[in-house]
2 protein chains.
Amino acid sequence: MEYQKELKRLIFDLKTNYLPSVSIDLVIFGFHDGQLKVLLLRWKTTDKWCLPGGRIRHEENMEAAAYRSLRERTGLSEIFLQQFHTFGDVDRYTHFSRHDTLSKLGLPEEDLKEFASRDVSVGYYALVEFAGATPTPDLFTDECCWWDIDQIPLLLFDHNDMITLALKTLRRQLSYQPIGYNLLPDKFTMPDLQQLYETILGQSLDRRNFQKRMLGYGILERLEERKTGGAHKAPYLYRFNKENYEKALRDEILFVG
Amino acid sequence: MEYQKELKRLIFDLKTNYLPSVSIDLVIFGFHDGQLKVLLLRWKTTDKWCLPGGRIRHEENMEAAAYRSLRERTGLSEIFLQQFHTFGDVDRYTHFSRHDTLSKLGLPEEDLKEFASRDVSVGYYALVEFAGATPTPDLFTDECCWWDIDQIPLLLFDHNDMITLALKTLRRQLSYQPIGYNLLPDKFTMPDLQQLYETILGQSLDRRNFQKRMLGYGILERLEERKTGGAHKAPYLYRFNKENYEKALRDEILFVG
DNA sequence: TATCATTGTGTTGAAAATACGCATTAAAAT
DNA sequence: ATTTTAATGCGTATTTTCAACACAATGATA
């Protein structure tokens, strides 16, 4: 059985080359059709979903490990990635037994014992451009795809809690840092940007005040082009001024909140 | 040599009963004489200082492990404790070699190898009442005492960075949560509270506006007593209304910022 | 060419944050 | 005992920010 062999090799690799007791979980946010989405994986031979994750190599910085996992699941690099919390409860595996879940992979009991032991997990959230990502499952999973944030099912482990906290952190971050650089295409309209903010915050904002504030921060460049094709008045296209955008990120200027 | 024996036992205990690869570091803030203080430990037989820390038992929640370490260093429980960041760089041991530092303990080379390997460390910060704490060193350290926040020396490992980030997080927290419950004595004056805020924020605030805002949040109860003894007009004593204080913590109402 | 929904810009009023005035007070100085 | 001093308690203006709303401009559609 080719798969079992590969799995064996993977387990051996994990045991020897990666830090024990610590794992990484990723809440990857995308934005499409006015909806905030999260990338989920379906556990092999089950109908249960979970967050993508990874582990840290012995000679690898933790953040680099998170970026690596992100790249493996989406094909993207150069992405906004932010650590938001580390989860260390013993009973992080409430909804479904971790032992049972892992046994579905067809692991021998000896490996299960070690593998199913308790981990501390560092949570990161990422903001990626929906269109550019190529969702790719890993060896533990059959399927990888986007889910609407308000239609997430009951997930494996404590992953529902992770998404909730990631979103809460993201919303708070919105109040002191700009957002959108990795979520929107290079050129976008003001309504696009506003819809992004509204989706993340879960509330509608006044169109005119929003525009005023955004322009006031000096992180946007208005292009001469307009977005044609849609009905009615054609809106201007904007682009982020990367320099000012990153300065705003550093300085943590107050934003919409 | 009794100490070597005890150290051996400790190392064995750590290897068998605690999670490998993960440690906890604590930035314990106190407030005294108008100064923000941090609790530091002096590494055995050296003049180098570091943050207190600990490890997680296999069947112990991570937060419980942090509380346990906090209790061991200060004698205090029931304390404000908050996770602020997890540090996972490979070269977290820049200023001083981790191998050399650990060898000062008199460890045999075999233990050193395993023990000096790279850890991921979860950082917590705590706010404690200065007067109530009893600083206590551990087996790795000779001395445990408070340092003024602006007189911290070059510390072992990446502990200077940890303090910087903890303080940054604390300052940010101040903008959406009340503070002081575990930093001030039971009864305190408005100037006491203001001085605490000013010290943490590193800037002076208008006395009258500060009072107005604080009273407006409804987390303070003014007592009939006044604080006598000092020169000039005697200020009222206040006490936190625990119920409202904790409600404000939960609701994350906006505060001074 | 008129219609329509949406965009771009400006104005106004309320609310909040900030700056500042002054009488009161308790210890210290005279 | 009286005056002085410096800090407290409470109050009022001023400025700034935020939220609500009005209206002209635009470009595809009918």
Side-chain angles (χ1 to χ4, degrees), chain A residues 33-34 171-172 174-176 178 180 184 187-198 201-239 248 251-257, chain B residues 33-34 171-172 174-178 180 184 187-199 201-239 248 251-257:
Chain A
D33 261 342
R171 282 178 177 162
R172 166 155 313 143
L174 225 59
S175 72
Y176 56 86
L184 293 171
K187 299 172 185 179
F188 52 89
T189 67
M190 195 59 77
D192 289 340
L193 184 62
Q194 179 175 351
Q195 194 178 40
L196 171 62
Y197 270 78
E198 286 180 338
L201 290 172
Q203 62 180 327
S204 59
L205 304 168
D206 183 279
R207 179 179 64 80
R208 297 150 289 191
N209 294 332
F210 180 82
Q211 169 143 339
K212 232 178 305 172
R213 292 174 83 166
M214 279 299 153
L215 293 179
Y217 298 136
I219 57 171
L220 295 176
E221 283 170 9
R222 189 163 88 178
L223 309 174
E224 286 313 307
E225 304 174 66
R226 283 162 178 269
K227 181 183 183 179
T228 58
H232 317 302
K233 182 171 181 176
Y236 283 106
L237 286 171
Y238 291 86
R239 170 163 41 204
D251 296 353
E252 307 197 339
I253 292 164
L254 280 184
F255 271 76
V256 181
Chain B
D33 260 343
R171 283 180 176 160
R172 188 194 308 295
L174 224 60
S175 71
Y176 57 86
Q177 286 187 338
L184 292 172
K187 301 172 183 178
F188 52 88
T189 67
M190 195 59 77
D192 288 341
L193 185 62
Q194 180 174 349
Q195 194 178 39
L196 170 62
Y197 270 78
E198 287 181 338
T199 305
L201 290 173
Q203 62 180 323
S204 60
L205 304 167
D206 183 277
R207 181 177 64 82
R208 295 150 289 191
N209 295 331
F210 180 83
Q211 169 144 341
K212 231 179 302 173
R213 292 174 83 168
M214 279 299 152
L215 293 179
Y217 299 136
I219 57 171
L220 295 177
E221 285 171 4
R222 189 165 87 178
L223 309 175
E224 286 313 309
E225 303 173 67
R226 284 164 178 264
K227 180 184 184 179
T228 58
H232 317 302
K233 182 170 182 176
Y236 283 105
L237 285 171
Y238 291 86
R239 170 166 38 207
D251 297 352
E252 305 196 343
I253 293 164
L254 281 185
F255 271 76
V256 181

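Numbers restart at 1 for each chain; the letters A, B, ... are given by sequence-line order, proteins then strands. Only heavy atoms go into these numbers, but all of them, side chains included; no hydrogens, no water, no symmetry mates.
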Whole Å only: how far is the OH atom of Tyr217(B) from the C1' atom of dA17(C)? 10 Å
According to side chain to side chain donor-acceptor pair (under 3.5 Å), who are the partners of Lys187(B), at least two apart in sequence or on a separate chain? Glu225(B)
Answer yes or no: is there a side-chain heavy-atom contact under 4.5 Å between Met190(B) and Phe210(B)? yes
For Gln195(A), check side chain to side chain contact (heavy atoms under 4.5 Å, CB included) against everything at least two apart and list the hits. Phe31(A), Thr199(A)
Under the side chain to side chain donor-acceptor pair (under 3.5 Å) test, which residues partner Asp33(B), sequence neighbours left out? none
dT25(C) C1' sits how many Å from Leu237(B) CG, rounded? 15 Å
Rounded to the nearest angstrom, tell me the gap between atom OH in Tyr236(A) and atom P in dT7(C). 14 Å
Report, as a single string ordered 5' to 3', how protein heavy atoms within less than 4.0 Å touch nucleotides 20-30 of chain D: B base, S sugar-phosphate only, - not at all. BBB--BBBS--
Residue-phosphate contact under 4.0 Å: Gln211(A) side-chain N/O, dT9(C) OP1/OP2: yes
Which whole-number value in Å describes the distance from Lys227(B) NZ to dA7(D) P? 13 Å
Residue pair Arg239(B) / Leu220(B), side-chain heavy-atom distance below 4.5 Å: no
Distance in Å, Leu205(A) CG paired with Tyr197(A) OH, rounded so as to fall on 0.5 Å steps: 10.0 Å
Of the listed nucleotides dT8(D), dA17(C), dT9(C), the one nearest the side chain of Arg213(B): dA17(C)
Write down the distance between CG (Leu205(B)) and P (dA19(C)), rounded to a whole number of angstrom. 10 Å
What is the distance, rounded to the nearest whole Å, between atom CD of Gln194(B) and atom C1' of dT18(C)? 14 Å
Could you list the residues that satisfy salt bridge (Lys or Arg N to Asp or Glu O under 4.0 Å) with Arg208(A), not counting sequence neighbours? Asp206(A)
Quantified as the angle between the terminal helix axes (five pairs each), what is the overall bend of the helix from dT1(C)-dA30(D) to dT30(C)-dA1(D) to 10 degrees? 10°
Asp192(B) atom CG is separated from dA7(D) atom P, nearest whole Å, by 14 Å
Atom CE of Met214(B) to atom C1' of dT8(D): distance rounded to whole Å? 17 Å
Can you tell me how far apart CG (Leu193(A)) and CD (Glu198(A)) are? Round to the nearest 0.5 Å. 10.0 Å
Please report the interatomic distance OH(Tyr238(A)) to CG(Leu215(A)), rounded to the nearest 0.5 Å. 5.0 Å
